[in-house]
**Q** 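My structure is below; once you've seen it, I'll send some questions.
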Amino acid sequence: MTICHFFLQGRCRFGERCWNEHPRGGSGGGGGGGGGGGRPPPQQYPAAPSGCSRGGWSNSSQRYSNVIQPSNFSKSTTWGGSRDPGKTSFGSFDSGASSSGSRNVGFSQNRFSSLNSNQVDGQKDEEDKLIEGIVKDMEVWESSGQWMFSVYSPVKEKPNISGFTDISPEELRLEYSNYISSNNLQSYLNSIQQLVNLWKSRLLELKNINSATKGALFSKLKNEGGQVVPTFGFQSQPTSTFGSAAFPGSSNNSSSSSVQNFSFKPTSGFGAAPSGSSTSVFGSPASPALTAASSSGSTMTSSAPTSFGFGESSTVSAASFSFKSPEVFSFGSAGFSGFPASSPLSTAGATSTPAFGGGGGATGGGGFGPSGSGANLFGLPTSGFGPGGPSSSSSSGPPSGAGNTAENLFTPKNELTAEELKQFVAKKFTLGKVPLKPPPEGLLSV
Amino acid sequence: MSLFGTTSGFGTTGTSMFGSTTTDNHNPMKDIEVTSSPDDSIGCLSFSPPTLPGNFLIAGSWANDVRCWEVQDNGQTIPKAQQMHTGPVLDVCWSDDGSKVFTASCDKTAKMWDLNSNQAIQIAQHDAPVKTVHWIKAPNYSCVMTGSWDKTLKFWDTRSPSPMMTLQLPERCYCADVVYPMAAVATAERGLIVYQLENQPSEFRRIESPLKHQHRCVAIFKDKQNKPTGFALGSIEGRVAIHYINPPNPAKDNFTFKCHRSNGTNTSAPQDIYAVNGIAFHPVHGTLATVGSDGRFSFWDKDARTKLKTSEQLDQPISACCFNHNGNIFAYASSYDWSKGHEFYNPQKKNYIFLRNAAEELKPRNKK
């Protein structure tokens, strides 16, 4: 029998049930984690099964370990669950959903009272596993040479983690061809460089995850549930906006340097995009508000994430990010990060927020208010725009965003419905009645 | 400066075509090379349907052209015709009667190529490059379905300039597949939608992606009664998810598997992970083939959940693949797929399409 690595580290989730050997005298706390519940099914990462009945994602921490529960993944034979066809395999995603659902309430409850240590153990476990999974995935992503311009989600039913944009190789290559044909290779190279930097910084942020990032991640993940609202990072989660302020900007000073690199052509220059409805792709990360300047943005409801500024010239400085006029941001599709200093937001796809897992997924739609075309993402009082503000100012990003923080971060009381106000005032949220808007400033007691 | 890291570089290790052939790795599997292959990366391949006698192969490339070859039983390939777009061709498909070929291009249009007259006319228009094109043949209607980066799915009657129907997608369409009455579309931001095509196309279900990363390719598979019952979804992270639409036991029946990675069993060293560029199901056996950026193709049996075969590594990524209508021929294209960015792009490098006899190797493994 192989010795269980996790037991040695004191964190084997199977305890008695574990299929590997737990040497006596090894860490005594090893058995404790087994309480995490669930059976040891083989997951799709044929490495160790998950103790908790969540999707297999969280277990990616065990994914590459040499400790392999009996299902092996030798190349020539079976993959995954073959060793035990009887067991439910590959991540009971369904049960994962329900368990995370129940976590929401507990978690949001804790957001409002100071985090007490009476939390359910399993919940801590859940978060830890999630974090572990994310860290492992980031490490793998970094070392494996896989395509970097991809969104990422740590667990099946969770939305994508913000800060990563989806660009397919074809889109990138098309950009390249366009730039080459307009003899503008340098701008292409610059944009690529920016994208890569943004990706790298986001990756490092997640890899060396600190409590601020963690907090924001969780609030976003838990509250958004099954929705794949493309990551605004601070979008209007009901609970997360305040407090998560640290999230985007906090550790991200590295990318503030990229501010200078943003070369945008304020006006029509969607880079080399041939026609008005720009086709180029690099909207998301590099886009901070650039589009702000280009008023043509408002018409692009149906275009692919517009490329901001891969265009020629420009020396639009950071200060020119004027977030003031909401209509400027009404790209139906464009994703942009308001704060170059902060982690980039990936494509908003605002028109399509109710994409997944319907259910309470109205969050995204509700959060954005008029989530129809031309979503005025930054014009909404409830938009999660706010959190970016304080963080960016703290990280020496463009200060112009900060001005909007106040009114955008919290919902003014008069905008809340009676129901929502009641919820905010109450000691804890009632499941099913969790408000979609951030609470008013006055009610905060963080 | 290398932006994409220095993992096993592709283009850097390939030898020149004109140099020595001893270490030339462009065809390690010794498969048949298609003559007159396109001059730039091949984005899509498609074989003619059974209604057409013989085998005709269509390939769309980044050189803006679509080429057609006749593939004879002895393996000889005869170039037949070619059409041009004004932008790279991203997808091709045949009509059910084998008389027309539909091509989708970055020039935001899709064209219908009548092979008999060798004329091509535009039949679709989008606001952004058209990524996928499929022919739908329903009992009460026929149309062309185009998916584009403008986040729409449009259905076209080829005779009319405006679409019969437009459906909004949550994000840019990255890949799609149609097997009547089901259509599966995978979009950016891990979007996944299944449509049912009876009477008229309508959204059937939005599915939570079983994969964590960007979707790259999708292929629908059928059950024993030849009805579409699920799909295989490939991502850039060397993983394929097999997903049934209405399985008796979703947790058990749906699964994902890793593929196109280096260091299969040795997990101590970091693996290189490659994107899955294409998935194709064998029309007879129901087994599947995947091709990846690592320059290998693999055959799998999803019911027995085993791998059947993995090829040797080619010196270039394999960007597309396709089976012919009876499953005897497996075609795969060896050309750069941009998986490592522009730095590894070598316009001088020759692009190949290989044909392999697929009758034997894709037989399902007997379940133990």
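So that the names make sense, note that chain A is the first sequence line, chain B the second, and so on, each numbered from 1. Just so you know, these numbers use all the heavy atoms, side chains as well, and skip hydrogens, waters and symmetry mates.
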**Q** Please find the pair of heavy atoms, one from A/L174 and one from B/P129, that lie closest to each other, and give the distance.
**A** CD2-CG, 3.5 Å
**Q** Can you name the side-chain hydrogen bond (donor to acceptor under 3.5 Å, both in side chains) partners of B/T109, sequence neighbours left out?
**A** B/D107
**Q** How many angstroms lie between atom OG of B/S235 and atom CD of A/Q146, to the nearest 0.5 angstrom?
**A** 7.5 Å
**Q** Would you mind checking which part of B/D40 comes under 4.5 Å of any heavy atom in chain A, side chain (CB onward), backbone (N, CA, C, O), both or neither?
**A** side chain
**Q** Looking at B/Y336, B/W62, B/W338, which one forms a ring-ring contact (aromatic ring centres under 6.0 Å, His included) with A/Y176?
**A** B/W338
**Q** Given a strict heavy-atom distance threshold of 4.5 Å, which part of B/K131 is in contact with chain A: side chain, backbone, both, or neither?
**A** side chain
**Q** Given a strict heavy-atom distance threshold of 4.5 Å, which part of B/L308 is in contact with chain A: side chain, backbone, both, or neither?
**A** neither
**Q** What part of B/R216 gets closer than 4.5 Å to chain A, counting heavy atoms only: side chain, backbone, both or neither?
**A** side chain
**Q** Could you work out, with side-chain hydrogen bond (donor to acceptor under 3.5 Å, both in side chains) as the rule, every residue matching A/S177, not counting sequence neighbours?
**A** none
**Q** Quick check against the 3.5 Å criterion: does B/Q214 have a side-chain atom that pairs as donor or acceptor with the backbone of A/I167?
**A** yes
**Q** Verify whether one side chain among A/S168 and B/R172 offers a donor that lies under 3.5 Å from an acceptor in the other.
**A** no
**Q** Can you tell me how far apart CG (A/D137) and CD (B/E237) are? Round to the nearest 0.5 Å.
**A** 7.0 Å
**Q** Under 4.5 Å heavy-atom distance to chain A, tell me which part of B/A188 shows up: side chain, backbone, both or neither.
**A** both
**Q** To the nearest 0.5 Å, tell me how far A/L185 CG sits from B/H342 NE2.
**A** 6.0 Å
**Q** Which region of B/S41, side chain (C-beta onward) or backbone (N, CA, C, O), has a non-hydrogen atom less than 4.5 Å from a non-hydrogen atom of chain A, or is it both or neither?
**A** both
